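From a predicted model like this one, the values you see are computed outputs, not experimental measurements. Just so we're on the same page: letters track the sequence lines, and every chain starts at 1. Values below: every heavy atom of this structure, side chains too, minus hydrogens, waters and symmetry copies.
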There are 2 protein chains.
Amino acid sequence: MASYQAPLRDMRFVLNDVFRAGEEWAAMPDTAEVTPDLADAILEEGARVTQAELFPLNQSGDAEGCRFDAGQVSTPKGFKAAQRTLAEGGWFGLGGNPEHGGQGMPKLLTVAFEEMLYATNTSFALYPALNTGAALLLDHHAPEAVKRTFLPRMYAGEWLGSMCLTEPHCGTDLGLIKTRAVPNPDGESGIPATYAITGSKIWITGGEHDMVDNIVHLVLAKLPDAPEGTRGISLFLVPKRKVGADGEAGEANGVVCGGLEHKMGIKGSATCVMHFEAAEGVLIGEPHQGLAAMFTMMNYERLSIGIQGLGLGEVAYQSAMDFARERLQSRAPNGPVAPGKPADPILVHPDVRRMALNVRAWNEGGRAFAACVAQQLDRVRFHPDDTVRAEAQDLVALLTPVAKAFLTDRGFEATVEAQQIYGGNGYCVEWGAEQYVRDARIAMIYEGTNGIQAMDLVGRKLFRNGGAYMTRFLARLRDEIEASGSSAAIDDFTQAALAEAERLERVTAELLARADGHPEELGAAAADYLNLTGHVVYAWLWWKMAAAAQAGLEGQGTAGEAFYHSKLAVGRHFISRMLPRTEALERQLRAGAEPLMALSEDDFLTQG
Amino acid sequence: MASYQAPLRDMRFVLNDVFRAGEEWAAMPDTAEVTPDLADAILEEGARVTQAELFPLNQSGDAEGCRFDAGQVSTPKGFKAAQRTLAEGGWFGLGGNPEHGGQGMPKLLTVAFEEMLYATNTSFALYPALNTGAALLLDHHAPEAVKRTFLPRMYAGEWLGSMCLTEPHCGTDLGLIKTRAVPNPDGESGIPATYAITGSKIWITGGEHDMVDNIVHLVLAKLPDAPEGTRGISLFLVPKRKVGADGEAGEANGVVCGGLEHKMGIKGSATCVMHFEAAEGVLIGEPHQGLAAMFTMMNYERLSIGIQGLGLGEVAYQSAMDFARERLQSRAPNGPVAPGKPADPILVHPDVRRMALNVRAWNEGGRAFAACVAQQLDRVRFHPDDTVRAEAQDLVALLTPVAKAFLTDRGFEATVEAQQIYGGNGYCVEWGAEQYVRDARIAMIYEGTNGIQAMDLVGRKLFRNGGAYMTRFLARLRDEIEASGSSAAIDDFTQAALAEAERLERVTAELLARADGHPEELGAAAADYLNLTGHVVYAWLWWKMAAAAQAGLEGQGTAGEAFYHSKLAVGRHFISRMLPRTEALERQLRAGAEPLMALSEDDFLTQG
């Protein structure tokens, strides 16, 4: 059966030992009140509430799914009550702006809670994930009056947000959208107060459901005078129910749910077709600048979806370990370890351990990666020093697509490998392992496919600035290792991280040279380059974790805590048995675009 | 939408150009009548019947699934009629023994038909796959009277076979089975004619269903005097309905279906819990030798399940290519290719091509791999020369676990990568791509998990004979390349195959040395070693295909057929962008068992 407890010990290690959260928070005025004790209490309560409220609804929610009936969407049994419990506990506003009722907790802390949400119930987790991103967008781009009306409701989980981008004929290429926004003649001095939004959107997570009274849609649409393509997109807030001057939800807006998608997984998440029929909306940000504003939300969601991969990898791991300790098949290679039983638990077999350690090394590396990006996001938000903020912003820009794609690729791989540990039971619904695979699969696709993330990395984040972000990242990595004076006991980690940094530098230089005047080289390299970058980031983070674990051990006298020994062992598994993939990636990247472009379009057809 | 036509052009290429089937068949008396024209007619009719009868039932069968009601199992709508059509067309006895009503077609031909079965409808394909394996087992091990009674019915598709091994507490470790066989006092000279079989079996594909009048269960059970473990297992034929002296199915036997599994995929395949309640069965083969006899069937099924991976990879590819040519998003990197349309078809994007070519290179390599093993199986069955038969048997022994595991690992990877090409549509049920992923996932698990295949490879097929099979395989590969005098135009393929052979030789020697006295080293290496072997086999087969394509081109004057040009281009993609994985595998293998064994069992638990 599925089994989960929030990995609090490891979360504390990442927060305190690796990223020194206490010092970090103390150094920034807006987070100075967040002590490690407070953080710990939040983590413990977060673990309790997700385990008690959400985890029991995960399999039943998958079996039941969402239902559509005459424009109404019902979420699975128990979702509504759980939503209310979490809302009342303040969990929907954990990281929100305190000026409008949020709790202002740093991202470094909230990512750990996000991981628990996804691990215990990914379908449910998407409702707060979309809401938090929508609130973040409004906090950055909405007029003050809109913030005052909407943010307290959203932070309180009374109203929830949605993100309406995709249309049937366009997902990736938003320049093609057809949804229109026409100014209503209701404003002062010729500036319209509202717009009439008309068009259809698909794949809208939480576009309609029964958990709250109002849904706050953030909708991309084109104004009558809009330029062609992505430079002509504007952003509108379109509530399900119109909000009066009293700030209460009133009459229905022209927003209609046309149906639900039937999906491979995340069946408790309502994926809606939404029709906007002259729906009243307000402009957020400047006309035609909607896509840039939407990126505030998209970047939030991209990291969040990465954490979906991590959370699912973690629950898949824990569940598989339960099975592997109980299931008896065959004997250990060096003789029985449970001679009184008919066979040994399968965890004795090296190949089962290989799979378990693969999953675990991805998870632990992923947890550190999420925290790393979160720390930089906190610096962007809270740090008083302009230089620090700017450096952090560059690192966030570079690492966001990597976090989204690499964490979800590895998360999917983790759920598949965990499922394999079960043998035939892994394929049977009752054990839960197959649901994790299905739920993880979407994470590689939505919020921009992983191919799109890779194009973002090699195009906007690498080529357009001549590799400046990457150069700075690699310099930072080396400086950090050099300055650390890390123990010789972890020299294998140090050497691995430095060697991989050198590899990434070499590959980057080759790619930039090859792509000059040959844009197809970027596309050809994108996926492998992102994959390589992810591995190098993990090599760096495993070095950081090894240094922290070694320091922990050295502070504890002779024996030391088993946790630190395990951490080093998992890290050594990563270096010796997983990191070698970079060697293949470097070679694959050398192949360039030519083999991909050698075939004509017709050559891809199969001849009968 | 899903789209498929049997890849007949490539199947003919593999048969005629690569494996020279005509010469091969002409050289063996029992296959001398199989001409390339006859083979071609069979392929065309096989394509027609699977496309017309099975493909339209694939998505509906998944949506409907099998149903269980009071011991009865209903297959999805249309399955019964399709089964009758295929049975009447003689397709259930295509490779069967002509002495008992089979058509005696060589495996080199029947694997191509098997691929069509799995591609058009994997759930359906499992019924004939189990039946063919069961008939093969009976043809090898059953007494003449049993063969006369059962084989004609099974080849005619009137009765279908099943394979009853697994019990709730044991799958991999069959030595633990509890099903008992007690001799009935009904024989002559103290030898029982029948046995009473009692016990429960799970995961029995086609254990009960409504397509035929009788089901022929091959059941592993223990006799009262059985030794412990796998040396005490006997094999019994237990029909659903007892078969009288007239050869007709009569009264019900003590065989009861207790229910169906709810699975991730292959929902049209009835996966049954079967209870045997003093069911009447006859012994097949010698007492306590049942597992060896069962391996005749298991080895058949292992290759067949490999072909499941291939078939699903192929249909996933073709369907994704339909989508990629229709879906318009963004512009090609070097400027519009469809300037009259709002965007270009996504197949212009290098990263989409990368995914498409990955899938295709696995598929085409896999088709050659299946044919390669099939050719050796034909030699074992038909070849008049003892030495040739023995050599072929060794190669079959070496390659069967690789074919099962590598074809299914790559088949799953192919369906996942094909799904990715669709973006969000790939996650929505209506497009069919997600079903291929779910249907492919089981192939890595059943018929012995891929981890078990890897243990079979490194243990029985490698370590136990000091690497003799592998040494002979590598010598054969080199001899073949050396003797071929292949064109300098394909020197890149030649060099790649030779370099990979050298790598495998090196890794094998290292592994054998390291595992001496350290059996845990075999388990630690198993999965990566099998993966490496699969890549090297593909490197060899891509060389063979390149040589055949190049020869084809050179025989055609200046232009040459586009098919051959594409074949070489796909092969070059394989070599430059996929084969580099072997470099990583070699490094991973060097890590040995130590990092896997460093953690105690408790260290695998997560601390809250």
Identify which part of [X] has an atom lying under 4.5 Å from any heavy atom of chain B, answering side chain, backbone, both or neither.
X: A/H262; value: both
X: A/R12; value: side chain
X: A/A47; value: neither
X: A/I266; value: both
X: A/F563; value: both

Is there side-chain contact between [X] and [Y], with heavy atoms separated by less than 4.5 Å?
X: B/Q419; Y: A/R441; answer: yes
X: B/R572; Y: A/E594; answer: no
X: A/M597; Y: B/N334; answer: no
X: B/Q435; Y: A/M264; answer: no

Tell me which of these, [options], has more heavy-atom pairs under 4.5 Å with chain B than the rest.
options: A/I442, A/D351, A/V429, A/D603; result: A/I442
options: A/H349, A/H573, A/M444, A/E430; result: A/M444
options: A/S330, A/A598, A/G229, A/A569; result: A/S330
options: A/P519, A/P7, A/A332; result: A/P519

Apply side chain to side chain contact (heavy atoms under 4.5 Å, CB included) to A/L357 and B/F604, showing your working.
CA-CA 9 Å; A/L357 287 169; B/F604 284 90; 4.0 Å; yes
Please state whether the side chain, the backbone, both or neither of B/R327 comes within less than 4.5 Å of a heavy atom of chain A.
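When you check distances to chain A, only side chain atoms of B/R327 fall under 4.5 Å.
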Could you walk me through whether A/D10 and B/Q607 pass side chain to side chain contact (heavy atoms under 4.5 Å, CB included), step by step?
CA-CA 7 Å; A/D10 199 46; B/Q607 292 179 50; over 6 Å; no
Measure the [atom1]-[atom2] distance between [X] and [Y] for me, rounded to the nearest 0.5 Å.
X: A/E601; Y: B/M321; atom1: CD; atom2: CE; result: 10.0 Å
X: B/L8; Y: A/T606; atom1: CG; atom2: OG1; result: 10.5 Å
X: B/L605; Y: A/S3; atom1: CG; atom2: OG; result: 9.0 Å

Specify which of B/A591, B/P595, B/S576 makes the most heavy-atom pairs with chain A at under 4.5 Å.
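Option with the top pair count is B/S576.
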Could you go step by step and tell me if B/V416 and A/F412 meet the side chain to side chain contact (heavy atoms under 4.5 Å, CB included) rule?
CA-CA 10 Å; B/V416 170; A/F412 180 69; 3.9 Å; yes
Electrostatic pair A/R325:B/D602 at N-O distance under 4.0 angstrom
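Looking at B/D602 together with A/R325, the answer is yes, because their closest N to O distance falls below 4.0 Å.
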Does A/R577 pair with B/D528 as a salt bridge, N-O distance under 4.0 Å?
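Answer for the salt bridge query: yes.
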Evaluate the side chain to side chain contact (heavy atoms under 4.5 Å, CB included) criterion for residues A/Q329 and B/L176: first the C-alpha distance (whole Å), next the side-chain angles of each, then the deciding distance (0.1 Å), finally the verdict.
CA-CA 8 Å; A/Q329 295 287 278; B/L176 303 174; 3.8 Å; yes
Do B/Q588 and A/R581 have side-chain N/O donor and acceptor atoms under 3.5 Å apart?
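Per modelled atom types, B/Q588 and A/R581 side chains form no pair under 3.5 Å.
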